[in-house]
Amino acid sequence: MAQQQVEAMWFYVGGAGISVYRLDLSTGDLAHRNTVSDVKNPSFQAVHPSNRFLYSVAEVNDGGAIHAFEIDPATGALGSLNHQSSMGAGPCHVSVDATGRVVLAANYSSGGVAALPINDDGSLGEANSVYQHEGSSVHPGRQQGPHAHSITIDPGNRFAVSADLGIDKVLVYRLDAEKQTITPNDPPWVDVQAGAGPRHFAFHPNRKHAYLINELDNTAVAYAYDEDRGVLETVQVISTLPSDFTDTSYCADIHVSPDGRFVYGSNRGHDSIVIFEVDPDTGRLSVVDYESTRGEFPRNFALDPTGRYLFAANQNTDNIVTYRIDGHTGRLTATGQQAETPQPVCINMIPVA
């Protein structure tokens with residue numbers, strides 16, 4: 001389905017359960033349809049490339065798991081298929097490879113990653129690759145051990161990178177979709193500045209640049225990316241906050257616009273979305289603006305695939321705020337549309353068939 005023909009999306013919100021909305025792309029309006037409440041702390045989800053299945057973490061320290069759901073194309077409703085252990089504690093991030101054969105999970109509390117095979121019916125098999133991260137860094141409370149915060153697959157579907165908040169490293173794994181496994185790359189990681197706290201990661205659509213957002217020091221890092229070798233080279237470190245802001249804030253999420261011209265990041269505390277413009281040659285970032293999220297603690301946000309809207313999920317004020325994106329400047333304008341939903345922390349969407 002061509003993007004310009006999409007009129008509506010099924011819109012999934014992880015928080016207190018997984019809530020299903022219908023997004024009207026002509027207005028940005030969100031209409032609630034139903035909620036699945038039988039997953040403990042579904043703090044992050046990913047959609048299968050066929051749009052037939054959704055995978056959610058159960059972010060708990062005792063019995064951390066990945067749940068598989070089948071999506072009803074007519075209603076958007078989720079039907080449970082099965083769940084498997086994430087092979088660690090506190091799974092907080094999940095991704096699906098482009099062939100739809102493997103799910104990757106990051107376990108925050110125990111600090112490791114796992115690969116789980118996807119069966120033909122969308123259900124999950126037991127993990128067949130598990131790697132425990134090692135080390136620590138300088139923050140006394142948050143970096144006494146590894147805390148894998150995300151695992152993101154590159155556009156070529158050959159490598160996956162895991163941002164580890166606890167050890168100030170971005171670890172790189174080789175992905176074998178055929179074998180449904182991951183193995184450490186050579187080199188196996190790139191170091192991040194001490195005390196940064198790597199959290200989420202995003203690749204540029206041109207496959208030559210990539211971006212990291214750091215929770216603890218409120219910075220974004222621009223990388224040059226060699227997709228043949230899975231190697232990241234630091235190009236720039238830039239603050240996500242205004243220079244005159246001195247209160248406490250923690251970065252959370254980062255996304256690149258579909259056209260690759262802008263990068264967006266969320267600030268929890270400053271309660272804003274920072275808007276960066278991308279230099280198309282170098283990948284370097286320059287600040288365009290900071291837009292209030294009109295709520296507190298924007299842990300997650302999402303851009304719709306057409307690039308028209310940004311949705312900010314304010315965890316502490318139970319609201320999702322809709323913004324229209326200016327395609328020329330990247331700036332955000334609140335549409336006046338808001339959805340009230342308990343503790344929203346993750347957003348996914350697929351076209352309504």
How far apart are the C-alpha atoms of R268 and E215, what are their side-chain angles, what is the distance that settles it, and do they pass the salt bridge (Lys or Arg N to Asp or Glu O under 4.0 Å) test? CA-CA 9 Å; R268 298 172 297 173; E215 177 173 340; 3.3 Å; yes
Short question: side chain of D164, backbone of K169 - any donor-acceptor pair under 3.5 Å? no
All heavy atoms of V138 vs all of Q143, minimum pair found to be N-OE1, 3.3 Å
side-chain contact (heavy atoms from CB on, under 4.5 Å) assessment of F262 paired with V256: CA-CA 6 Å; F262 305 99; V256 184; over 6 Å; no
Check step by step if side-chain contact (heavy atoms from CB on, under 4.5 Å) holds for L30 and Q337. CA-CA 8 Å; L30 289 167; Q337 301 279 3; over 6 Å; no
Salt-bridge present (R331, D326; N to O < 4.0 Å): no
Any donor-acceptor pair under 3.5 Å linking the side chain of R158 with the backbone of G230? no
Under 3.5 Å, is there a donor-acceptor pair between the T306 and R308 side chains? yes
Within one Ile-Leu-Val-Met-Phe-Trp-Tyr cluster: I153 and I182, side-chain cutoff 4.5 Å: yes
Can you confirm whether the side chains of S19 and T35 place a donor and an acceptor under 3.5 Å from each other? yes
Under a 4.5 Å cut-off applied to non-hydrogen side-chain atoms, are I71 and N51 in contact? no
Note: E59-K40 ion pair, threshold 4.0 Å (strictly below): no
Under 6.0 Å between ring centres, would you say that holds for H255 and Y264? no
Can you tell me if N128 and Q180 form a side-chain donor-acceptor pair at under 3.5 Å? no
Using 30° and 60° as the class limits, which term best fits the ring planes of H209 and H204: parallel, tilted or perpendicular? perpendicular
Looking only at the side chains, is there a donor atom on one of D24 and S26 sitting less than 3.5 Å from an acceptor on the other? yes
Given side chains that start at C-beta, do those of H93 and H149 come closer than 4.5 Å, heavy atoms only? no
As a quick check of understanding, evaluate side-chain contact (heavy atoms from CB on, under 4.5 Å) for Y173 and T183, giving each step before the final call. CA-CA 5 Å; Y173 292 90; T183 53; 6.0 Å; no
So, do F69 and F53 have ring centers that fall under 6.0 Å from each other? no
Using the rule that two of Ile, Leu, Val, Met, Phe, Trp, Tyr join whenever any of their side-chain heavy atoms come within less than 4.5 Å, decide whether V263 and Y290 are in one cluster. yes
Restricting to non-hydrogen atoms, name the atom on T99 and the atom on P49 that form the minimum distance, rounded to 0.1 Å. C-CG, 4.2 Å
Can N218 and Y250 be said to form a side chain to side chain donor-acceptor pair (under 3.5 Å), step by step? CA-CA 6 Å; N218 298 294; Y250 302 98; over 6 Å; no
